[in-house]
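What you are looking at is a predicted structure, and each value in this text was computed from that prediction instead of being measured. Keep in mind that the numbers below use all heavy atoms, side chains included, and drop hydrogens, waters and symmetry copies.
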Amino acid sequence: MRRTAQLLRSLLSILVITAGQGIQFLWLAVSSRAELSAEVLFLRKQLAFYQEHQVQARKLTDAARFSLVLWSQLFNWRAALMIVKPETLIGWHRKGFKLFWRWKSRLGRPRIPENLRQLIVRMVQENPTWGEERIAAELSVKLGILVSPRTVRAYWPQERDPRNGRRTFSQHWRTFVRNHAKAIVAGDFLVAITAGFRALYVFVVMEVGSRRILQCNVTAHPTAAWTLQQFREAIPSDHTYRFLIHDRDSIFSDEVDDDLGAFGLKVLRTPVQAPQANAYCERLVGTIRRECLDYVDSGSRARPCPSIHRHELPADCRIGARDVLGGLHHEYWLEEIAA
């Protein structure tokens, strides 16, 4: 508040002084040329006296700087400049231009409506596994509201922003996987329950770089020897892979890891309860479940909204929501409000 008051006082002082000098300039404009030339020489003589005696100049005020910059536009000011260097006056001019441009562009891009901002926060809180791209796609496909992922990120709740987490100076796991994707294979198990309530174990091995499935097999009794045989069938002898990612399931015993090391692979075990460390394989497992094992008619229910709205919610509609998978995900749609 104090800084704002000082800024207002400074602007008021500049306006008053500039107005007074404008009146003085008009008075001089109607004066005779001889009288004006004599006054200029008289003033220069006084300035020369201070320069000869090396009197240190006092610091100029903002109003004085603005006046020098303003009146320098009307004549060749370099020959008349005595109290500061030419580079200093040019610097004042640049500073004034920067302040003007900052004021000119102070508004920026307009904010999206309040109800849409609240909807984004709600979707983030209800769907902890979704990112900004998924939320933008949900708004576009299901609700017909076109919002870019960057706009969604701008209104992301701070307490759920992953960028606020503690950072380290070493290479992040995501960066490592992205940089070495073509040299990484990943494996994982998933459990499928048959109609007779029999548990089957599905084992998949994929190449991270191309997302290609190298091996997929099913067994009712997984063992370390069986798992190692699946790796032998998935990875050719002339492979160029360097790393293998799997979790800490007991099926991946030390003997399995040692034999994989003999294949020329460095085994990378994911941290405890961190499935995102093997995100590519986990996503493949999720796709297998949704499209092969847990196929339901949810796709026929969740149809896109036919109308498209740009950065706004329709005034005659409200947001409907339904829990999916026990609240792990949610579906959204537009409901017309009864008149």
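- Within the model, atoms CG of L268 and CZ of R242 stand 10.0 Å from one another, a figure rounded to the nearest 0.5 Å.
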> Could you go step by step and tell me if R122 and E126 meet the salt bridge (Lys or Arg N to Asp or Glu O under 4.0 Å) rule?
Replying inline: CA-CA 6 Å; R122 172 187 171 184; E126 292 179 347; 3.2 Å; yes

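- Across all non-hydrogen atoms, the minimal contact from A234 to P236 is O-CD, 3.5 Å.
- Side-chain contact between F231 and L244 is present, with heavy atoms from C-beta onward closer than 4.5 Å.
- Surrounding CZ of R248 are more than 12 heavy atoms belonging to other residues, nucleotides or ligands, all under 6.0 Å away.
- Shortest non-hydrogen contact noted between E282 and P275 is CG-O, 3.3 Å.
- Crowding of R318 atom CZ: a count of heavy atoms from other residues, nucleotides or ligands under 6.0 Å not exceeding 12.
- More than 12 heavy atoms of other residues, nucleotides or ligands shown are found within 6.0 angstrom of CD on E114.
- A donor-acceptor contact closer than 3.5 angstrom is absent between the side chains of Y201 and N217.
- In this structure, P314 and L334 have side chains that are in contact, with non-hydrogen atoms separated by less than 4.5 Å.
- In the displayed structure, E233 atom CD is contacted under 6.0 Å by more than 12 heavy atoms of other residues, nucleotides or ligands.
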> Stepwise, does the side chain to side chain contact (heavy atoms under 4.5 Å, CB included) test hold for H330 with M123?
Replying inline: CA-CA 8 Å; H330 295 77; M123 296 175 74; over 6 Å; no

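- In this structure, the side chain of R211 engages the main chain of V208 through a donor-acceptor pair within 3.5 Å.
- Looking at E331 and W333, their side chains never bring a donor and an acceptor atom within 3.5 Å of each other.
- Among V124, V152, I135, the single residue meeting the side chain to side chain contact (heavy atoms under 4.5 Å, CB included) criterion with W130 is I135.
- Going from atom CZ of R153 over to atom OG of S148 covers 12.0 Å, rounded to the nearest 0.5 Å.
- Residues I120 and L139 are in side-chain contact: their nearest non-hydrogen atoms beyond the backbone lie under 4.5 Å apart.
- When atom types are taken as modelled, the side chain of S140 and the backbone of G144 share no donor-acceptor pair closer than 3.5 angstrom.
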>> Under the criterion side chain to side chain contact (heavy atoms under 4.5 Å, CB included), I'd like the reasoning laid out for I245 against W173: C-alpha separation, chi angles, the key distance, then a yes or no.
In response: CA-CA 12 Å; I245 300 176; W173 175 254; 3.6 Å; yes

>> Between Y280 and D188, does the side chain to side chain contact (heavy atoms under 4.5 Å, CB included) criterion hold? Intermediate values first, please.
In response: CA-CA 10 Å; Y280 294 100; D188 199 4; over 6 Å; no

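- The structure places CG of D259 at 5.0 Å from CG of L228, a figure rounded to the nearest 0.5 Å.
- Distance OG1/T219 to CH2/W226: 5.5 Å, rounded to 0.5 Å.
- Of all heavy-atom pairs spanning I251 and A224, the tightest one is CD1-N, 3.7 Å.
- Side-chain contact check for L284 versus I213: some heavy-atom pair is nearer than 4.5 Å.
- Shown here for T240 and A183, the closest heavy-atom pair between the two residues is O-CB, 4.3 Å.
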>> Quick one, Y241 with E207, criterion side chain to side chain contact (heavy atoms under 4.5 Å, CB included). Give me CA distance, side-chain angles, the key distance, then yes/no.
In response: CA-CA 9 Å; Y241 305 122; E207 179 185 293; 2.5 Å; yes

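- In the hydrophobic clustering of ILVMFWY residues, with side-chain heavy atoms under 4.5 Å counting as a link, V205 and L190 come out apart.
- In plain terms, the two heavy atoms of C216 and V204 that are nearest each other are SG-CG1, 3.7 Å.
- Taking the six-membered ring where tryptophan is involved, the planes of F203 and F189 are tilted, since the angle between them lies from 30° to 60°.
- A salt bridge links D254 with R269: at least one charged nitrogen is closer than 4.0 Å to a carboxylate oxygen.
- The CD1 atom of I112 sits 7.0 Å away from the OG1 atom of T151 when rounded to the nearest 0.5 Å.
- The OH atom of Y155 lies 6.0 Å from the CZ atom of R117; values are rounded to the nearest 0.5 Å.
- Around atom CZ of R174, no more than 12 heavy atoms belonging to other residues, nucleotides or ligands sit under 6.0 Å away.
- Applying side chain to side chain donor-acceptor pair (under 3.5 Å) to H246 and the options D257, N278, T227 leaves one that passes, D257.
- The aromatic rings of F176 and H180 are tilted relative to each other, their planes meeting at an angle between 30° and 60°.
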